[in-house]
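Order of the sequence lines sets the chain letters (A, B, ...), proteins ahead of strands, with each chain counted from 1.
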2 protein chains.
Amino acid sequence: MLTERQKQILKAIIEEYIVHAEPVGSRTISKREDIGYSAATIRNEMADLEELGFVEQPHTSAGRIPSQMGYRFYVDYLMGPQRLERADLFQVRELFTSQMDAVELTIQQTVSILSRLTNYTSIILGPEAIHNKLKHLQVIPLNERSAVAIVVSDNGHVDQRRFTVPDGVSLSSIEKLVNILNAKLSGVPLVRLKRNVYQELFAELDRHVEQYEFLLGVIDQMLAADTDGRIFTSGTTNILTQPEFNDVTQVKALMDLFEQTDTVTKLFATNDLGVHVRIGEENSIATVNNCSIVTASFSIDGRSLGTVGVLGPTRMDYNKVVSLMQVLTTDLSEHLRHLYK
Amino acid sequence: MLTERQKQILKAIIEEYIVHAEPVGSRTISKREDIGYSAATIRNEMADLEELGFVEQPHTSAGRIPSQMGYRFYVDYLMGPQRLERADLFQVRELFTSQMDAVELTIQQTVSILSRLTNYTSIILGPEAIHNKLKHLQVIPLNERSAVAIVVSDNGHVDQRRFTVPDGVSLSSIEKLVNILNAKLSGVPLVRLKRNVYQELFAELDRHVEQYEFLLGVIDQMLAADTDGRIFTSGTTNILTQPEFNDVTQVKALMDLFEQTDTVTKLFATNDLGVHVRIGEENSIATVNNCSIVTASFSIDGRSLGTVGVLGPTRMDYNKVVSLMQVLTTDLSEHLRHLYK
DNA sequence: GTTAGCACTCAGTGTTCACGAGTGCTAAAA
DNA sequence: TTTTAGCACTCGTGAACACTGAGTGCTAAC
């Protein structure tokens with residue numbers, strides 16, 4: 001186990017490195033107000049910390065930089081009491097006291113304020129529309145051959161999809177079908193829509209099977225497209241200001257990663273409540289092995305609705321990010337609870 | 001005026017530079033099959049071309065690179081007969097023969113194939129939903145306090161917006177209002193919606209002014225948000241592969257530019273039919289002074305619907321891009337004509 | 001009018017060198 | 001026994017310098 005002094009020094013090294021992004025020397029540490037030891041003493045302790053694997057030396061005669069293990073220890077045990085700057089907290093509170101009707105808008109604003117306050121790239125997954133309940137289903141004909149299907153869910157989310165009416169199916173019969181479905185399926189969770197459509201239709205309309213198959217396909221595609229479009233990002237270019245991303249090829253890899261929705265989902269998804277920090281190689285994807293990802297899910301009544309995430313260099317201001325995320329997910333959950341009513 | 005040989009040499013210089021991105025020397029040119037002169041001759045002609053301003057020398061003992069004026073001359077007079085690679089043409093044709101119902105999907109696929117085939121960043125503005133006509137207006141109540149307004153236009157585009165019902169306004173009265181509007185305003189272009197709402201309401205419902213003001217606000221916001229969301233991009237990171245963008249700060253400036261919708265609109269908007277090329281400083285915005293932008297609008301019956309654009313380095317494969325754009329806008333216009341019917 | 005030859009220029013590369021930040025170790029001080 | 005001062009050593013950084021080679025401009029010959 002580390003001695004108190006070692007912890008103190010490790011904490012100082014990490015905090016210096018987070019700010020300046022350069023190897024930290026013994027003199028720098030000894031000059032800090034909270035450290036009362038000479039450079040030589042620090043050097044001895046640093047050598048020990050290196051042997052234990054908490055810090056690394058890029059080359060002989062350079063200062064130390066925290067290792068992945070060092071960051072992990074810092075996040076788990078050393079990080080001070082998490083407190084937000086008054087100004088930051090004010091901005092968050094202001095955001096959520098303002099009137100935001102639409103769920104999408106709320107999310108977009110949240111992710112935007114998160115990236116602005118952290119200067120890292122931020123992302124929100126969800127909330128998953130699939131948990132919503134059907135409020136209204138409607139088909140609006142555009143001409144003889146095509147129409148638009150619209151699904152409104154109880155939280156006000158609207159999905160829509162244009163489709164071409166297949167030969168042999170009249171628009172009026174589709175409308176009749178939709179009316180029946182509306183009457184029967186209002187309040188059904190979207191995820192169960194498919195199964196319930198089956199049940200209702202077999203009971204009531206078994207002679208129109210071909211039409212129902214077709215409409216089902218349209219609805220399916222609509223809901224499938226919806227899970228894709230549920231990623232909100234902001235400040236993607238913020239990582240470019242970090243000195244560790246001077247290399248254009250690395251930047252490109254990262255940017256491209258953000259365009260692959262499935263990878264992003266895999267990278268950020270969590271279901272646990274509370275804030276999670278994944279440092280460097282703890283991330284499964286090689287492109288972000290020199291990045292850290294902080295995630296936290298937001299929820300209503302203990303049920304996770306989606307995930308808020310921040311991506312930055314391993315040298316991330318963990319304290320700030322973690323405390324910001326705590327406040328933000330709490331407030332966001334609360335705000336959404338009002339919207340969902 | 002340039003002699004035939006000078007034109008031939010200028011063309012060769014530009015085509016070499018487009019491929020290799022490095023100053024072109026006299027020897028390189030003289031070794032080309034289509035040039036039958038020695039390096040010394042080329043050198044003399046190059047000196048003349050430089051004096052005339054068509055090429056530049058980064059430093060005394062380097063080869064020549066085309067100047068902005070050189071590119072302009074190339075685009076206007078030298079670029080050979082535009083012909084697409086068979087494989088590229090095939091991909092475009094295949095895209096448009098496939099069934100694509102939704103306008104949005106068509107546009108997204110088009111912009112995506114454009115960036116894939118050119119390896120530059122591509123963008124599509126429009127089509128402007130504001131020209132569409134109202135097909136159906138609907139308000140779906142979610143609970144006592146909030147509802148979703150949905151506007152469906154004749155091309156199948158759906159706008160939607162959630163709103164909170166103000167105190168003193170009952171949902172049922174809103175519904176009544178919407179029914180009247182639907183009956184009266186179907187087929188009215190969205191851009192005229194506001195004015196016509198006034199007329200209809202004053203004629204029929206002048207006692208419910210406060211409700212109408214409110215709903216009008218919702219519709220207005222909806223249509224306003226719509227003009228923002230009409231930018232489709234693809235391959236934003238493609239510029240990162242170009243050697244002239246090794247500088248991270250430049251990349252960031254460009255990326256950030258793409259997130260400002262109004263700037264992007266200003267940069268790419270054209271109403272003229274036909275392909276336009278803006279080279280380097282011909283672009284109004286300083287960030288893209290070392291880029292070229294090729295735009296072309298797509299249209300139905302001579303009326304411009306929107307703009308397709310490609311952004312790349314001034315050293316762009318103009319021939320390929322221009323010919324691709326010609327084919328693409330023609331096919332896109334045709335396809336949209338079918339969709340709008 | 002065209003080309004071969006030659007002197008000249010200059011970015012890029014590699015080498016050397018001095019500098020300084022930082023270390024590890026030893027011995028003295030507390 | 002713990003802490004600190006001192007000193008030799010390491011190694012990255014940046015400046016100075018020479019060398020190389022691609023490319024030019026000019027002149028004279030074809």
So, applying side chain to side chain contact (heavy atoms under 4.5 Å, CB included) with A/Asn283, which one of A/Val288, A/Asn290, A/Leu311 is it? A/Val288
Closest nucleotide among C/dT3, D/dT3, C/dT23 to the B/Ala40 side chain: C/dT3
Any donor-acceptor pair under 3.5 Å between the side chain of B/Arg64 and the base of D/dG25? no
Choosing from C/dC25, D/dT3, D/dG23, which nucleotide comes nearest the side chain of A/Arg43? C/dC25
How close or far is atom P of C/dT23 from atom CD1 of A/Ile42, stated in whole angstroms? 10 Å
Separation between OG1 (B/Thr41) and CD1 (B/Ile9), nearest 0.5 Å, reads 8.0 Å
Would the distance check show the side chain of B/Ser297 and the main-chain N or O of B/Asp272 forming a donor-acceptor pair, the cut-off being under 3.5 Å? yes
Proximity to the side chain of A/Met46 - top-ranked nucleotide from C/dG24, C/dA11, C/dT23: C/dT23
Distance, rounded to the nearest Å, where B/Ile13 contributes CD1 and D/dG23 contributes P: 13 Å
Within the modelled atom types, does a donor on one side and an acceptor on the other bring the side chain of A/Ser38 and the base of D/dT4 under 3.5 Å apart? no
Pick the nucleotide of DNA chain C nearest each of B/Pro58 and B/Arg5; which residue has the one closer to the 5' end? B/Arg5
D/dG21 base / B/Arg27 side chain donor-acceptor hit below 3.5 Å: no
Any donor-acceptor N/O pair, B/Ser67 side chain to B/Phe54 backbone, under 3.5 Å: yes
Closest nucleotide of DNA chain D for B/Asn44 versus for B/Gly63: which of these residues is on the 5' side? B/Gly63
Which of the following nucleotides, C/dC10, C/dT23, D/dT3, is nearest to the side chain of A/Gln57? C/dT23
For a quick check, tell me whether the side chain of A/Thr60 and the base of D/dT10 share a donor-acceptor pair closer than 3.5 Å. no
From C-beta outward on A/Tyr37, which listed nucleotide comes closest to its side chain: D/dT4, C/dA11, D/dC26? D/dT4
Between D/dG23, D/dG12, D/dT3, spot the one nearest the side chain of A/Thr41, thanks. D/dT3
